[in-house]
Amino acid sequence: MLSDSLIKKLEDAAGKYPCRKSALLPALEMAQAANGNLLDRGDVAEVAQQLGTTTSQAWGVATYYTMFNTSPVGKWHLQVDTNVPGMLAGADAIVDRIRKRLGIEPGQTTPDGMFTLSIVEDLGSCGTCPVIQVNDTYYENMTPAKVDRLLESLKGGVMPPRRDAGAWGSECGILLKNRGNRKARSIKGYKAGGGYAALEKARGMNPGDIVEMVKQATVKGRGGAGFPAGMKWGFLPKDDPRPVYLICNADEGEPGTFKDRQIMEYDPHLLIEGIAIAARAIKAAKAFIYIRGEFGWIADILDKAVAEAGKAGLLRECGIVVHRGAGSYECGEETALIESLEGKRGVPRIKPPFPANVGLYGCPTIVNNVETLAVIPFIVQNGAEAFKAIGSPANFGPKLFGVSGHVNRPGVYEYPLGTPLMEIIEAAGGVKGNLKGVIVGGLSVPILTADEAKSLKMDFDSCAAAGTMLGSGGVMVINDSASIPKIALRAIRFYAHESCGQCTPCREGSAVIARLLGGLVRGTGTTKDIDTVLHMCDTIMGTTLCPTGDAFSMPIRAMVRKFRSEFEALVK
Amino acid sequence: MFVTFNGKKFPVAEGRTVLEAARDNGLFIPSLCYHPKTGPAGKCRACVVEIEGMRGLQTSCTIPAKDGMAVTTNSPKVLAAQRLVVDLMLSSGQHDCLSCEQNGSCELQNAAYFLGIERPSFRVDSEPDFDESSEFIYRDHEKCIQCGRCVAGCNNTVVNEVLDFGWRGHNTKVICDDDLPMGTSSCVQCGECVQLCPTGSIIDKRSRGQARSWEVEKVETVCPYCGVGCRIALHVDRKTNRIVRATGVEDAPTNQGMLCVKGRFAFDFVASTERLTTPLIRENGNFREASWEEAYSLISSKLGEIKTKHGADSIGGFCSAKCTNEENYLFQKFMRAVIGTNNVDHCARL
Amino acid sequence: MAGLAASFGSGAMTNDIAGIKNADVILVIGSDTTSAHPVIAARIKQAVRFGKTKLIVIDPKKIRLADYATIYAAQRCGTDVAVLNGIMHVIIKNNWHDAAYVEERCEGFEDLKKEVEKYTPGYVEKISGIPAAQIEEIAELFGKAPTAALFYAMGITQHTTGVDNVWSTANLQMLCGNLGKSGGGVNPLRGQSNVQGACDMGGLPNVFPAYQKVDDPAIREKFENAWKVKLPEKPGLTVTTMIQAAHEGKIKAFYIMGENPMISDPDLTHAEESLKHVDFIVVQDMFLTETAALADVVLPATAYAEKEGTFSNTERRVQLLKKAVEPPAGTRHDWEIIRDLAGSMGAAGWDYSRSEDILRELVTLAPSYGGITYERLGRNGLHWPCPTKEHPGTPVLHVGKFSRGKGLMKAIPFKEPAELPDAEYPLIMSSGRVLEQFHTGTMSRKTEGLNRLAGPMVMMSVEDAEALGIANSEKVRVTTRRGSIVTNAFVTKRIGRGTIFLPFHYAEAPANRLTIAALDPVAKIPEYKVCAARIDKI
């Protein structure tokens, strides 16, 4: 039974959205929190009724997202991210330590009900891994020794405070200009550094002129696909009676990527200013920040900043709702994100129609990445030409690069597009050991061998020319101590886990590839299996409903093709 | 307008998708998630084709056919993709056709046949996973290909809102309410999901083992229950003269293929052993069997007698809301013209 | 149907099923649509979930359809006239009615207006228990809708005020100008596969086929010429009055085709006595029904799947039945039996050799069926009126003008049901159907699965169950002034305190042992929906 106070909270949440069903994810989260971190079936049915959805849809949602527990977990839920960046940083040793210390396997709970150990997918902490998420709190840069101390503390009932962590550097001083300035997190501090001047200026401009300016600047989308933001805005239908929605995609989940959180956590008003300007440009009725649910504390920071900005009268034209996801990589895809924001399972829609025409609640919708929106104030303030002065031809502006893996100083580095990869890796302290390969744009892009990486320039076109993609700018550096087949296996297990399940090649194909690679790594595979994997990747490319099929077939295929000898060496 | 399929021009009606255009012209493109009623879903990916001027493969179920379009359905690239998709479906779960109710009318089997897939390439053994908790509907999760037609039908057609997808990825499963067995869920057993399932995953529980799909003849008639007049197809096994299952007629204007639990499943009375097969005459308080001639002659003499003695209005007739128009017409004509009374009514009021 | 026939000149569902989606608002009153007409309920739900339609449900039970409604209101059983008058009161007061339509197409508005004046929401609340504010809300949503449809079933008709209730629904729809257009209409949902057809075919004591009056000499002459026989002038008795007449010894013989009054009639104890009074009963049926068990001669008939012929559905669509299986040896079609009997009683010219021959004759006598042939019916059938071979059929009635000319609005005062609860029988009992069974159970109860899903029960409120100390599924005794049965308690939040509901399908626990044989004075329909009852723990 939901308590009256919970129903009230739920109603408050529902009231924030144009459509009540959108509150399903937050409502389930509240019901789970109020019930000792477990979703009760009766509660789910009640929530469904309260929000006007069906029990099966609510249960379908509850079982879709990883942050909802439909079976009991211990008081302390230890969630270790063992995805590729974590793996490269020693996450498996962290898991081993916990197993030994607590005597449980992943998926199990200690007999006293105190601890549950889970292996989870990328937590967006690639520069600060290994990471353990205990309930909602991140403990980063973990070592086996730190694990011991953490467990001792938790056994005593005390959650240690989480620490700000992570290295950074900025060549451009635009996106990370306030990274070292704690005061900028408040509106006062942000304004003191010249913040909200761009919004002020934008308010004096015609919406159409802002769109034109952003078009001129040619801001290629920073989320991964690289589609120019201004052009996207231009696709909105003219003179349409439906409201327009703006969604900031803050579902940062591509393994290797941990850049958007830098902006949101350390300079929230920069993002809010960017959203406010974009909202004015496209005449949005409402804006949403869809932030991945694991970034709970960052969502709180954003909530606070939105409230401040609202109080300061900066959001009169368009309110902003901070919406928390609940654990799904797929929701980073814009149509899946929209479905999720509507309170549904995060499954992508068929395109066309594109969101600019039929998006959130069937209305014209623009979805832009955090980093994309965060450069808008700079453009409005300084003009398109100033933006285009940064970077390389046709690839303009500053870019955040998250560097993880085998480097000495993993972190986030702001460089102009077109900066040589090696310069960025050097900024991150240089390669630890001998370079074997680099994945330059998040896990979904084809790996480069050390040779291929050497002269690469980090921009959209150069990466494409090198047979890979700039993607989200998540650079994973791999030295010769790492096994590419193991990385490939870990990668495909991730995609199989995250596949939404609606289309066959992705749902079943990822599972089959995972099985074949698993066999190879275990030593039971055959040469034919290697060829089958390649054939499957070739065939799945372009056959799935959304880009996820490509997102795993491209990198797996590249790993097998470029490092085939390592795979063949596993055949006995 | 005209669309070219594999180099040959075919006439196509306005407003059709590429898949529909192909089907209209008798061309086979494998497809599992599309159903005319639930519409294009673009999910199974079995219907991918190449279309001139469009990049990569396209799902033919989601692309509107346009005049002059050139579609290739038989290139090596298309067939490889279709084959992989169908092979993956066959590899997931347990698609054993031998005694499957859907054998012969299974859309997955048809696709496999068309693509020449003899056996699945990636099969691993799996535990049986079925749900027989419902009175009339049998669910075999191992034969589910997640096409979503049942979910769409349950939510969008009959709007009973019981089914949905639960879990995700390879574990995706069609659930009833909060993943209850169907028999204890809020399902009202209308059987829309049975009608829409392309494989043997959701089937009429009681028709199992009754007759192979190719042994039955479908006869379209009208449901005998309420007054909606749903058009219903009775699947008849001619060898045994039995109705083995019933389905709704998809293009019927009354019911769009929908039926309720009674219309779809409650035809047992037709073949009931309790059916009367000979006239009965009461004698000394008990019934005895009689010939039709004897019964007719008794009735006509008794009714004639009563009419003579007490007048025609001492006889009352009840015609029937379950009989045909022709029978009711004849009954009232009988009462009025032969007996000579207007004492004729039926249970319209009851 | 009498109410509709009097107000519009034609008593049938005015609109078609396909047009449901065109309604801006649908009012469902006195129909548990998902149980009794599941596929029409599906159409309504589709319109609500995916179209523009808003739904209002008024029913003493919180029926499943109420879960899809914008407004759900529970009235006390038998107060529909007051509720509808109250809605009309608010609509007229706020000028939400279609004055131009009323002026042009209807008569009697002033009488109606005067009558509903006293039905203020407050007054209606006192009578019906529906909060005044809710009456206002319903009136606003319904009254302001560009097109609104009204659906009802036996919850409206099975009252001593059944005709009044029907007339009130007609008043409301005329007032709002909702007749004669797609998405509107007064839509009585017919409960049996061919109840519409049985009426159309003159299976009624006062009319020949196509509602041609037996007491109209010109009409009678037409039939006498066609049938070559002298016909009776006086309208006959209805089912209910025939049963009464039998009790009084005035009916000496019954000829019953495919009906089972021993389950379906009210006050079964009385009905059984009546049938036992009768000298001679013939029953033709598929089964030895409870009624057939009382007969002198029983004739084995065929099932729907074994014959050819036509059914007319609730939206007046005439559809063709096809023979699917061979009938069991020894059985005969109902029409064959009647034909043969007529012959053996000396009637001439009854030489029909197949069902279609009968249709060919009847279409010459029933103008609204005039254009119908088996060939034309094809797969989709035709809506009557279909007077000529070229006529495409009529999905929506009363377009442009009513069958009778001007639609007649009538002042209908509220009257209480015949039997109200008192100290001895404190509960209001209503009866009706459940989804999983059908009518007298002759057909549906042969399917074991349905019996497992839905057995005899009495639906009662949580409050009443608690007060009586009754648990769910417990055996209880339900008693009225007519009799008493033992059945299972079904305790639910879906019914309000003080009201109980019993499905009538079960011979082993027949609800009609309890119902009252009080009749509507015009339609002679029994008040199945209201009587006073008591529940006792056993």
Side-chain angles (χ1 to χ4, degrees), chain B residues 135 158-159 219 221-222 224-230 234 236 241 253 255 258 260 266 268-270 272 275-282 295-296 299-300 302 306 310 314-330 332 334 336-338 342-343 345-350, chain C residues 38-39 42 45 190 192-193 195 197-198 201-203 205 227 229 232 236-239 242 251-259 264 280 296 298-300 303-305 309-311 313-314 319 321-322 324-326 328 330 334-335 338 342 344-345 347 355 358 362 438 443-444 446-447 449 525:
Chain B
E135 278 296 338
V158 290
V159 204
V219 182
T221 186
V222 182
Y225 288 104
C226 80
V228 178
C230 295
L234 300 175
V236 177
N241 189 40
N255 54 311
M258 295 182 274
C260 73
D268 304 51
F269 69 90
V270 176
S272 166
R275 283 284 294 272
L276 297 171
T277 52
T278 175
L280 301 173
I281 289 175
R282 186 178 296 281
Y296 283 156
I299 294 166
S300 48
K302 282 295 272 187
I306 291 169
H310 302 285
S314 70
I315 301 173
F318 296 175
C319 55
S320 176
K322 291 120 183 150
C323 288
T324 63
N325 285 325
E326 292 77 358
E327 287 160 343
N328 280 292
Y329 170 83
L330 219 55
Q332 60 88 36
F334 176 79
R336 291 186 162 116
V338 181
N342 282 315
N343 284 345
D345 198 7
H346 64 283
C347 64
R349 297 171 181 81
L350 310 178
Chain C
V39 170
K45 292 185 283 183
R190 310 308 304 261
Q192 299 174 68
S193 52
V195 65
M201 290 302 106
W227 292 348
V229 64
L237 302 177
T238 64
V239 168
M242 276 190 257
I251 292 278
K252 300 289 182 192
F254 274 126
Y255 182 10
I256 300 172
M257 170 174 81
E259 294 269 290
S264 63
F280 187 65
D296 296 282
V298 183
L299 304 172
Y304 80 106
T310 56
F311 279 174
N313 80 346
T314 187
Q319 303 193 93
L321 269 74
K322 287 260 169 73
V325 287
E326 290 302 323
D334 289 289
W335 65 266
I338 304 158
S344 89
M345 291 185 75
S355 191
I358 305 169
L362 79 87
F438 182 73
M443 300 191 293
S444 65
K446 301 296 185 293
T447 296
I525 193 163

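Quick note on labels: first sequence line is chain A, next is B, and so on, each numbered from 1. A quick note: this is a predicted structure, and the numbers were derived from the prediction, not measured. Heavy-atom basis, side chains included; hydrogens, waters and symmetry copies ignored.
- Among C:Lys446, C:Lys252, C:Lys322, the residue making the largest number of heavy-atom pairs under 4.5 Å with chain B is C:Lys252.
- Atom SG of residue B:Cys323 and atom CD of residue C:Glu259 lie 8.0 Å apart, to the nearest 0.5 angstrom.
- Residue B:Ile306 touches chain C through its side chain alone, counting heavy-atom pairs closer than 4.5 Å.
- Inter-residue side-chain proximity for B:Ile315 and C:Phe280 is flagged as unmet; no heavy-atom pair is nearer than 4.5 Å.
- In terms of non-hydrogen atom pairs under 4.5 Å with chain C, the most contact-rich of B:Met258, B:Arg336, B:Lys302 is B:Arg336.
- Between the side chain of B:Asp345 and the main chain of C:Val239, a donor-acceptor pair closer than 3.5 Å is present.
- Proximity of C:Pro300 to B:Pro279: side-chain heavy atoms (C-beta onward) are separated by under 4.5 Å at one or more points.
- The nearest pair of heavy atoms linking C:Met443 to B:Pro224 is CE-O, 3.5 Å.
- In this structure, chain C has heavy atoms under 4.5 Å from both the backbone and the side chain of B:Val159.
- Within the model, atoms OH of B:Tyr329 and CG of C:Leu362 stand 6.0 Å from one another, a figure rounded to the nearest 0.5 Å.
- Taking CD1 of C:Ile358 as the start and CG of B:Leu330 as the end, the distance is 4.5 Å to the nearest 0.5 Å.
- Interface residue B:His346: backbone and side-chain heavy atoms are both found under 4.5 Å from chain C.
- Only the side chain of B:Val236 comes within contact range of chain C, with at least one heavy atom under 4.5 Å from a heavy atom of that chain.
- Nearest heavy-atom pair, B:Ser320 versus C:Gly258, reported as atom, atom and distance to 0.1 Å: OG-O, 2.9 Å.
- When side chains are defined from C-beta on, C:Val298 does not count as touching B:Arg282, because their heavy atoms never get closer than 4.5 Å.
- With chain C as partner, the option from B:His310, B:Arg275, B:Gln332 having the largest number of non-hydrogen pairs under 4.5 angstrom is B:Arg275.
- Taking 4.5 Å as the limit, some side-chain heavy atom of B:Thr324 sits within range of a side-chain heavy atom of C:Phe311.
- Interface remark: B:Glu326 contributes backbone and side-chain atoms alike to the contact with chain C (heavy atom separation under 4.5 Å).
- Checking side-chain atoms of B:Ser300 against main-chain N and O of C:Met345 turns up no donor-acceptor pair under 3.5 Å.
- When heavy atoms are compared at a cutoff of 4.5 Å, C:Ala324 approaches chain B by way of both its backbone and its side chain.
- Chain C forms the most heavy-atom pairs under 4.5 Å with one residue out of B:Val222, B:Val338, B:Ile281, and that residue is B:Val222.
- Comparing C:Val39, C:Leu321, C:Thr310, C:Asp296 by heavy-atom pairs within less than 4.5 Å of chain B, the highest count is held by C:Thr310.
- Aromatic ring orientation, B:Phe318 versus C:Phe254: tilted (interplanar angle from 30° to 60°).
- Counting heavy atoms from C-beta on, the side chains of C:Tyr304 and B:Leu234 come closer than 4.5 Å.
- If you tally non-hydrogen atom pairs under 4.5 Å between each of C:Ser344, C:Ala303, C:Ala253, C:Ser444 and chain B, the highest count goes to C:Ala253.
- Between the side chain of C:Asn313 and the backbone N or O of B:Val228, at least one donor-acceptor pair lies under 3.5 Å.
- For C:Pro232, the parts lying under 4.5 angstrom from a heavy atom of chain B are both the backbone and the side chain.
- Within the 4.5 Å cutoff, side-chain heavy atoms of B:Lys322 are placed close to those of C:Phe438.
- Counting heavy-atom pairs closer than 4.5 Å to chain C, the top-ranked of the candidates B:Ala266, B:Cys319, B:Cys230, B:Gly229 is B:Cys319.
- Interface remark: C:Met242 contributes side-chain atoms only to the contact with chain B (heavy atom separation under 4.5 Å).
- With chain B as the partner, the residue from C:Gly330, C:Ser264, C:Gly203 showing the most heavy-atom pairs under 4.5 Å is C:Gly203.
- With chain C as partner, the option from B:Leu280, B:Asn255, B:Thr278 having the largest number of non-hydrogen pairs under 4.5 angstrom is B:Leu280.
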